[in-house]
Amino acid sequence: MRLSKALVPTLREDPAEAEALSHKLMLRAGLVRQLAAGIYAYLPLGQRVIDRINAIIREEMNAIGGQEITMPVLHPAEIWQKSGRWDGIPEMFKLKDRKGADMCLGMTHEEVVAWLAAREIRSYRDLPQIWYQIQTKERDEARPRSGVLRTREFLMKDSYTLDPDLNALERSYAAHERAYRRIFDRCGLAYHVVQSDTGMMGGLGSHEFMAPSAAGEDEIALCGGCGYAANVELARGVPAPPDVPGWTREEVATPNARTAAELAAVLRIDPRLIIKTLVYVAAKTGPVLALVRGDHALHERKLARALGEEFRPAHPDEVRTLLGAPAGSIGPLDVRMPVLADEALKTGTYVVGANREGVHIRGVSPGRDFPCRFVDLHTVAAGEACPECGKPLAVERVIEIGNIFKLGTKYSAPLGAAYLDEQGRQQPIVMGSYGIGPARIAAAAIEQLADADGIIWPPSIAPFQVHIVAVNVRDAAQAAAAEEIYAECGRHEIEALLDDRDERPGVKFKDADLLGMPLRVTVGNAFVKDGIVEVRERRTRRESRVAKAEVLATIKSSGALKMPG
RNA sequence: CGGGGUGUGGCGCAGCCUGGUAGCGCACCUGCUUUGGGAGCAGGGGGUCGGAGGUUCAAAUCCUCUCACCCCGACCA
């Protein structure tokens with residue numbers, strides 16, 4: 001590709017709308033342009049990166065027996081109504097066709113897979129199957145953000161396994177985990193595999209592949225001792241207990257103390273000696289109290305799992321009606337609703353609200369002084385002890401680049417995907433689903449590897465391996481030599497980008513750094529004077545000066561084009 | 001959904017408070033010079049100031065409504 005003719009609109013300055021590093025660099029390097037919130041066009045360089053990532057994904061999916069298919073983006077409502085997901089997903093784009101029939105845009109494809117399996121799979125002899133596609137998904141995200149990291153339209157590799165039983169599902173799941181590790185290794189990413197929430201879907205288990213990055217939306221807890229790793233929506237940590245004073249149960253006046261921090265200040269005590277009482281309203285359960293320690297944050301996913309249903313925070317007037325006090329003075333004593341307490345509150349005595357404005361009670365012990373169910377509710381914080389081995393946990397911000405999910409029969413049963421087993425009995429097909437976001441891989445690679453001058457692509461997913469700079473194209477000797485090297489790369493199947501623009505050297509070098517190809521080949525004055533061409537590694541900035549005849553050999557032997565490991 | 005912010009030429013911004021001929025840098029076009037880390041000089045083209053309505057002799061500027069985009073939140077009781 002010749003830069004003089006290519007659509008590679010690099011930007012000198014950071015675009016005003018970009019915050020995340022990968023977002024700024026993808027715009028500045030001319031990889032993508034935004035059409036609307038969370039909707040992007042991929043320009044030639046961005047497209048090449050996605051193509052290279054997809055090629056790696058295809059190789060590894062095919063290697064575990066995956067068969068590539070393409071399923072529709074436009075779906076009839078019927079299959080979603082059958083699976084029970086037509087209502088209640090606010091992210092779903094819905095529309096009607098000209099006859100008025102309900103349709104939607106696919107945000108995932110379990111329903112279509114189950115539909116296809118229902119028609120085409122009949123016997124245990126037809127199983128197992130692995131079907132995958134690399135297809136556009138449409139989700140009306142509440143808040144698109146961080147460039148291509150969370151968008152309303154995005155490419156996803158989604159695969160689906162069909163198995164006769166749970167043991168077979170375990171094998172398919174393990175095969176996917178191995179394939180995913182190879183994919184992310186080959187893409188040059190640092191990542192963790194963590195336990196994740198199966199959601200309210202009743203799934204049988206799931207893991208996420210998480211690439212550490214400040215731009216990430218998720219947090220994970222990691223144990224350096226035993227390898228325990230989990231999304232914070234699931235991760236359990238054992239917090240250090242406070243020193244409990246030998247106080248007796250008594251009322252204390254706490255005027256104007258609304259938050260745990262204010263209460264701790266008024267009473268001059270450790271915030272860990274306070275119980276925060278939170279009021280939620282669930283559809284089936286009704287009002288409930290959730291208790292966490294004063295220094296802890298409640299994780300709503302954990303509460304939802306404990307309740308077995310979704311819920312909402314109580315309105316301030318509801319709190320007053322239910323408990324007779326404003327939110328700052330409420331507590332779990334003598335209440336008529338279910339009380340869930342975080343496990344950290346199993347021991348010790350605490351300060352709780354008295355359900356009278358401006359009054360708290362200290363010396364209260366959960367379980368002894370009021371009935372409650374102990375469950376894990378608090379969000380794990382760095383430094384808490386690992387639930388497996390007791391060593392301190394670290395908490396890291398991450399980008400979710402892939403997930404694997406044991407579905408079971410949630411979709412196969414309602415859509416009638418069944419087979420006949422060896423005894424001739426009809427059985428539901430056991431499914432798994434597995435996703436990878438190619439654009440997130442690209443963004444994560446930028447986040448993890450870029451330096452102050454721009455992108456540094458892993459060679460496996462770089463749009464080009466070699467960036468040839470003809471320093472001054474008006475110098476016939478330089479231009480001709482650069483052309484020859486470019487042509488020679490083509491003959492040796494080395495993908496090269498030739499900067500043949502009539503630009504000043506500084507512009508070309510800055511762009512080469514920004515675009516981030518692993519190797520830069522510079523043909524300039526040194527060539528005119530001494531026949532020397534420079535081959536420079538983008539990542540290490542190491543440069544070798546070689547005769548033009550040796551350039552190809554130097555490129556081929558360069559460590560910059562080999563993936564580590 | 002809640003809160004905050006921003007919309008002025010392709011990009012980045014000033015001007016708005018205090019109404020009076022729409023500006024700056026980069027980019028673009030022409031010429032000359034320059035050519036190893038985002039060149040210099042000279043000349044030039046390009047803007048319904050997000051949109052609609054209103055106030056006024058006069059609106060980028062004030063008022064109302066609206067659209068779009070960005071950030072934070074959607075635990076902090």
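Values below: every heavy atom of this structure, side chains too, minus hydrogens, waters and symmetry copies. In what follows, every chain begins at residue 1, and chains take the letters A, B, ... in the order their sequences are listed. The shown structure was predicted, so the numbers you read here are calculated from the model rather than taken from an experiment.
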**Study point:** Between B:A14 and B:U8 - P atom distance, rounded Å
**Key:** 11 Å

Review point. Ignoring hydrogens and angles, are the base of B:G38 and the side chain of A:Asp511 linked by a donor-acceptor pair under 3.5 Å?
Key: yes

**Study point:** Nucleotide paired to B:U55 in any strand shown, Watson-Crick or G-U, under 3.5 Å
**Key:** none

Point to revise | Distance between P atoms of B:U33 and B:G47 (Å, rounded) | key: 32 Å

Practice item. Examine the base of B:G36 for any acceptor or donor lying under 3.5 Å from a partner atom in the side chain of A:Glu534, and report the outcome as yes or no. Key: yes

Review point. Watson-Crick or G-U wobble partner for B:C17, using a 3.5 Å limit on both distances?
Key: none

**Study point:** A:Phe509 CZ - B:G38 C1' separation (whole Å)
**Key:** 12 Å

Practice item. For B:G9 versus B:G46, give the span between their C1' atoms, rounded off to a whole number of Å. Key: 6 Å

Practice item. Using whole Å, report how far CZ of A:Arg12 lies from C1' of B:G37. Key: 12 Å

Review point. Over how many whole Å does the gap from A:Glu13 atom CD to B:C13 atom C1' extend?
Key: 8 Å

Review point. Under 4.0 angstrom, heavy atoms only, what part of the nucleic acid is A:Arg520 near: base, sugar-phosphate, or nothing?
Key: base

Review point. Could one point to a donor on the side chain of A:Asn472 or the base of B:G36 with an acceptor on the other under 3.5 Å away?
Key: no

Point to revise | Residue A:Glu503, side-chain atoms from C-beta onward, closest of B:G37, B:C11, B:C28 | key: B:C28

Check your understanding: Whole Å only: how far is the NE2 atom of A:His467 from the P atom of B:G37?
Key -> 16 Å

Exercise for review: Just call it for A:Arg293: base, sugar-phosphate, or nothing, with non-hydrogen atoms closer than 4.0 Å on any strand.
Suggested key: nothing

Review point. What nucleic acid atoms does A:Phe527 come within less than 4.0 Å of, heavy atoms only: base, sugar-phosphate, or nothing?
Key: nothing

Point to revise | SB check A:Glu153 A:Arg139 (cutoff 4.0 Å) | key: no

Check your understanding: Taking only N and O in the side chain of A:Arg474, is any of them less than 4.0 Å away from OP1 or OP2 of B:U35?
Key -> no

Practice item. Sticking with atom C1', work out how far B:A52 lies from B:A68, rounded to a whole angstrom. Key: 15 Å

Exercise for review: Specify the residue among A:Arg501 and A:Leu278 whose closest nucleotide of RNA chain B lies further upstream toward the 5′ end.
Suggested key: A:Arg501

Study note, to complete from the structure: side-chain contact (heavy atoms from CB on, under 4.5 Å) with A:Leu303: of A:Asp376, A:Val375, A:Asp342, A:Leu298, only one passes, and it is A:Leu298

Check your understanding: Is any side-chain N of the basic residue among A:Asp453 and A:Arg541 closer than 4.0 Å to the acidic one's carboxylate O?
Key -> yes

**Study point:** Audit row: A:Asp87, A:Trp80, side chain to side chain contact (heavy atoms under 4.5 Å, CB included) steps and yes/no
**Key:** CA-CA 8 Å; A:Asp87 294 307; A:Trp80 290 85; over 6 Å; no

Exercise for review: Examine B:A39: is either OP1 or OP2 under 4.0 Å from a nitrogen or oxygen in the side chain of A:Arg504? Give yes or no.
Suggested key: yes

Practice item. Scan A:Gly524 against the nucleic acid and name what it touches under 4.0 Å (heavy atoms): base, sugar-phosphate only, or nothing. Key: base

Point to revise | Presence of donor-acceptor pair under 3.5 Å, side chain of A:Arg28 and base of B:G38 | key: yes

Practice item. From the options A:Val466, A:Leu561, A:Leu497, select the one residue that forms a side-chain contact (heavy atoms from CB on, under 4.5 Å) with A:Met517. Key: A:Leu497

Exercise for review: Provide the full list of salt bridge (charged side-chain N to carboxylate O under 4.0 Å, His left out) pairs with a residue in residues 29-50 of chain A, sequence neighbours left out, each pair given once.
Suggested key: A:Arg48-A:Glu495

Exercise for review: Describe the nucleic acid contact of A:Ala297 in one word from base, sugar-phosphate, nothing, applying a heavy-atom distance below 4.0 Å.
Suggested key: base

Exercise for review: Report the distance from atom NZ of A:Lys510 to atom P of B:C26, rounded to the nearest whole Å.
Suggested key: 17 Å

Practice item. For B:G7 and B:C76, measure between their C1' atoms and round to the nearest Å. Key: 34 Å

Practice item. Would you mind classifying the nucleic acid contact of A:Arg541 as base, sugar-phosphate or nothing, using non-hydrogen atoms under 4.0 angstrom? Key: nothing

Check your understanding: Which base sits across from B:C32 as a Watson-Crick or G-U pair, both distances under 3.5 Å?
Key -> B:G40

Check your understanding: B:C76 P sits how many Å from A:Leu303 CG, rounded?
Key -> 13 Å

Check your understanding: Among B:G37, B:G36, B:C76, which is the nearest nucleotide to the side chain of A:Ala526?
Key -> B:G36

Review point. Nearest-Å distance, OH (A:Tyr280) to P (B:A74)?
Key: 10 Å

Review point. What integer number of Å spans the P atoms of B:G73 and B:G38?
Key: 39 Å

Hey, what are the protein-to-nucleotides 69-73 of chain B N/O distances that come in under 3.5 Å?
residue : atom : partner  : partner atom : Å
B:C69   : OP1  : A:Ala37  : N            : 2.9
B:C69   : O3'  : A:Gln34  : NE2          : 3.1
B:C70   : OP1  : A:Gln34  : OE1          : 3.4
B:C70   : OP1  : A:Gln34  : NE2          : 3.3
B:C70   : O3'  : A:Glu17  : O            : 3.4
B:C72   : OP2  : A:Arg143 : NH2          : 2.2

**Study point:** Residues A:Asp511, A:Arg501: salt bridge by 4.0 Å N-O rule
**Key:** yes

Review point. When the distance from CG of A:Asp499 to P of B:G36 is rounded to whole Å, what number comes out?
Key: 15 Å

Exercise for review: With P as the reference atom in both, quote the distance from B:G15 to B:U61 in angstrom, rounded to an integer.
Suggested key: 15 Å

Review point. Which value, in whole Å, describes the distance between the P atoms of nucleotides B:G20 and B:C49?
Key: 15 Å

Revision key, fill the gap. Re B:G47: Watson-Crick or G-U wobble partner, both distances kept under 3.5 Å, found to be none

Practice item. Before accepting this row, confirm whether a basic side-chain N of the pair A:Glu219/A:Arg397 lies closer than 4.0 Å to the acidic partner's carboxylate O. Key: yes

**Study point:** Under-4.0 Å salt bridge between A:Asp295 and A:Arg272
**Key:** no

Point to revise | Assigned partner base of B:A68, Watson-Crick or wobble definition, under 3.5 Å | key: B:U6

Practice item. Measure up the A:His378 and A:His296 rings against each other and bin them: parallel (under 30°), tilted (30 to 60°), perpendicular (over 60°). Key: parallel

Check your understanding: Base, sugar-phosphate, or nothing: which does A:Thr379 touch, judged by heavy atoms less than 4.0 Å apart?
Key -> nothing

